[in-house]
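The structure appears below as structure tokens.
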Amino acid sequence: MTENRPTEARFRTSLLEENEGPATNPTDNRTMGEIIAARFSRRDFLRGSLAVSAIAATVSPLALVSAENAHAAEGSAFSFDELEAGIDDKHHVAPGYDADVLLRWGDPLFADSPEFDPTKQSAEAQARQFGYNNDYVGYIAIDGSAEHGLLVVNHEYTNSHLMFPGLVTVVEKDGKKSLDLAPLSKEQVDVEMAAHGGTIVEIRKVSGKWQVVRDGKLNRRITAKTEMALSGPVAGHERVRTSADPSGTKVFGTVNNCAGGVTPWGTYVMSEENIHGYFSGELPAGHKEAANYKRLGIPEGAYEWAAHYDRFDLAKEPNEANRFGWIVEVDVNDPNSTPRKRTAMGRFKHEGAESIVAKDGRVVFYLGDDERFDYVYKFVTTGRFNADDHAANNDLLDDGTLHVARFAEDGTVDWLPIVFGQGPLTAENGFAGQADVLIETRRAADLLGATKMDRPEDIQPNAVNGKVYVMLTNNSKRKADQVDAANPRAENAFGHIIEIAENDGDFASTKGKWEVMLKCGDPSVAEVGATFSTATTANGWFGMPDNCAVDSAGRLWVATDGQGPKATGRTDGLWAVDTEGAARATSKLFFRVPIGAEMCGPLFAPDDQTAFVAVQHPGDGGEDWKPFGRPSYYEDLSTRWPDFRPDMPVRPAVVAITKQGGGKIAV
């Protein structure tokens, strides 16, 4: 039995994505809060208004209004009766809609897959079943159909205390209770590794309801042991060579796949985010990777994989961590294809990789580095997308320019190229070539003077209005000496959303304009400074924007991560947010998750008649989750969603939302 530890240390994987450790950005680059502060006045902030948009004034004819406008909801793009915010052990959707569970952890994916049995788990079974903690959800149409396609889903991480029986023991000493977590066996670690990665599964809509096609010829599981290739500038470099792979070109597995994307040519991209938690041990004294790993928080040791696999022990394989933190591309049309880690797109804690085709045919990917005080990026391919020749797009992601954003007080943004030999990215600063620059993307961005952001997460380009939406979840590490008249929120608990308009409507441009579209939090509390319109109800405001989606009509939907009784008095969910006209900054609650869960996805089918959402880590959480008021683990769960059976644990799941009687969502 391990030593008794406080809850925060005990369930380490639950805390991994919160990035609450010491900030790893050592620079004095300006933070986004400082720039916002310089740009807006205290008067605007305390009135709860939206400053006049530089984007609207110079780029588009948007008619913006302040949050004082009582008629701001007039002209809203959304038509549905709002859901009531709250907290309980179930999921809820707006009236007039059905929310059906489509895929749960452990569900069979193949004709020969075993049925899920939580008391007899094995790596072999899990590799043939739907993985754990579903995050990104994508849809790739089959024969152009909006009702028959491939669902691609990331499995970000695992929570062993929710997955396995018998791990947690209640210990009572001196009248006080604490919980003890037993170490995992190798068999349990193997199950965890099989539960990571991603799922590709055929789905079909039958009589208005979605079904999994278990004998789909393209169905596939990708895990932490799947063979992958390193491609692009870093492939073969000495810093990615290991004893198991002296060539530096072959990696086993992908981990912590958070958000992702589907490319214009129909491949599936997975983003490796909080890789630091999988590594343990210490580098040999004086090892050259020490500073590189420190900048990424490696090792963090949330997982016990190093106890059973040497490659996760830095003392034994000091280069292995350089083989993670990339964007992974998967050819879904060949279930035997080798996924490729596309190193040209940089190495950091990738949140997502949403893309759009620029005016000249180059493809632009927007990338967030999900850590407090880190950066917003975009990658622009050198080659151009060819819609008529799938093979011509095969290696577009191996050649292009990665850029990092520097936001200025005047409302402009510069996209700074991260290219060896340009500016400070030279041998004098320790870079021998582009491979070094990409392995140490964060340090390269530090040297370029990029703007330190408040947890950049999902970033979505909008093909309808030409804008880009950046979700900034929060920054509890912002110090009091950073508070000023324009942004009086020390410990920015609720986050904000930035809207970017690239110059001339060209997503490949190296310059653009930006505006704070929305500061999140409870608008009834003046000190919070939220800027929702006054037409936003008590149910409609939210904090902690994380994932987002733009439907085919160009409407913005925002999912949250981190709400709860102490922060907002409500669970996470999916909100519809107006971005145009008089209704701008009006938000309405459409769906909410059960206790302890995070809202991931979301994704709209091509015809907008289905919204797929991913309910991640339901039942997680601790004593702050009142009225339950206790930690939640396998034997004593706060919810048994979605089965509500005594013989089944809580199970992350993908939910398909449809309008009763058919039709487009929120129309």
Side-chain angles (χ1 to χ4, degrees), residues 2 9 12-13 15-17 19-26 156-158 160 183-184 186 188-190 192-193 196-197 223-228 230 234-257 272-326 328 341 343 346-350 369-371 374 430-432 435-444:
T2 58
R12 294 178 69 91
T13 59
L15 300 171
L16 184 62
E17 66 176 2
N19 292 316
E20 283 286 7
T24 62
N25 189 331
E156 185 179 358
Y157 67 104
T158 48
S160 61
L184 297 185
K186 182 179 183 299
Q188 288 168 325
V189 166
D190 286 340
E192 282 195 312
M193 296 178 79
H196 275 68
T223 75
K225 292 186 177 182
T226 300
E227 182 177 330
M228 303 189 170
L230 280 172
V234 177
H237 194 276
E238 62 180 2
R239 296 176 71 179
V240 293
R241 297 173 190 163
T242 66
S243 58
D245 174 32
S247 71
T249 60
K250 182 170 68 175
V251 179
F252 285 102
T254 181
V255 299
N256 215 268
N257 300 106
E272 297 182 326
E273 190 191 29
N274 289 311
I275 61 167
H276 60 302
Y278 298 84
F279 293 92
S280 303
E282 296 183 4
L283 286 170
H287 198 277
K288 63 182 179 181
E289 298 296 346
N292 168 28
Y293 288 174
K294 182 179 180 180
R295 184 66 178 84
L296 281 157
I298 299 170
E300 198 273 344
Y303 284 86
E304 300 171 48
W305 295 6
H308 304 286
Y309 291 93
D310 288 351
R311 65 189 177 109
F312 295 103
D313 184 341
L314 296 183
K316 298 175 180 177
E317 286 291 356
N319 283 351
E320 183 73 16
N322 278 337
R323 294 146 65 86
F324 293 86
W326 305 103
V328 183
K341 296 196 177 189
T343 63
R347 175 174 170 268
F348 45 87
K349 294 179 182 177
H350 285 277
D369 186 350
D370 183 8
E371 188 139 38
D374 264 292
F431 302 109
D436 288 327
V437 169
L438 294 167
I439 289 170
E440 298 184 70
T441 299
R442 279 186 172 181
R443 186 167 75 89

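- Side-chain contact check for E192 versus E304: every heavy-atom pair is 4.5 Å or farther apart.
- Considering only heavy atoms from C-beta on, D374 stays 4.5 Å or farther from F348 through its side chain.
- N256 is not listed as a side-chain neighbour of E272, based on a closest heavy-atom distance of 4.5 Å or more.
- Partner of K341 under the side chain to side chain contact (heavy atoms under 4.5 Å, CB included) criterion, out of V240, V328, T249: V328 alone.
- Remark: the backbone N or O of T158 is paired with a side-chain donor or acceptor of T13 at under 3.5 angstrom.
- For the pair E289/P318, no side-chain contact is recorded, criterion being any heavy-atom separation below 4.5 Å from C-beta on.
- Contact of the Y303 side chain with the V255 side chain is not registered, since no non-hydrogen atoms from C-beta on lie closer than 4.5 Å.
- Using a 4.5 Å heavy-atom cutoff, the side chains of Y309 and M193 are in contact.
- Put simply, the side chain of T441 does not reach to within 4.5 Å of the side chain of D369, judged on heavy atoms.
- E300 pairs by the salt bridge (charged side-chain N to carboxylate O under 4.0 Å, His left out) definition with R12, not counting sequence neighbours.
- Test R239, K288, R347 against E440 for salt bridge (Lys or Arg N to Asp or Glu O under 4.0 Å) and you get one pass: R239.
- Ring geometry, H196 versus Y278: the interplanar angle exceeds 60°, so the pair is classed perpendicular (tilted spans 30 to 60°).
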Check: Do K225 and D190 pass the side chain to side chain contact (heavy atoms under 4.5 Å, CB included) test, and can you show the C-alpha distance, the side-chain angles, and the key distance before you say yes or no?
Finding: CA-CA 9 Å; K225 292 186 177 182; D190 286 340; 3.2 Å; yes

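- Looking only at distances, no side-chain donor or acceptor of D313 sits under 3.5 Å from a matching main-chain atom of A306.
- Side-chain contact check for S243 versus R311: every heavy-atom pair is 4.5 Å or farther apart.
- Residue pairs meeting the salt bridge (Lys or Arg N to Asp or Glu O under 4.0 Å) criterion with at least one partner in residues 243-257, sequence neighbours excluded, are D245-R323.
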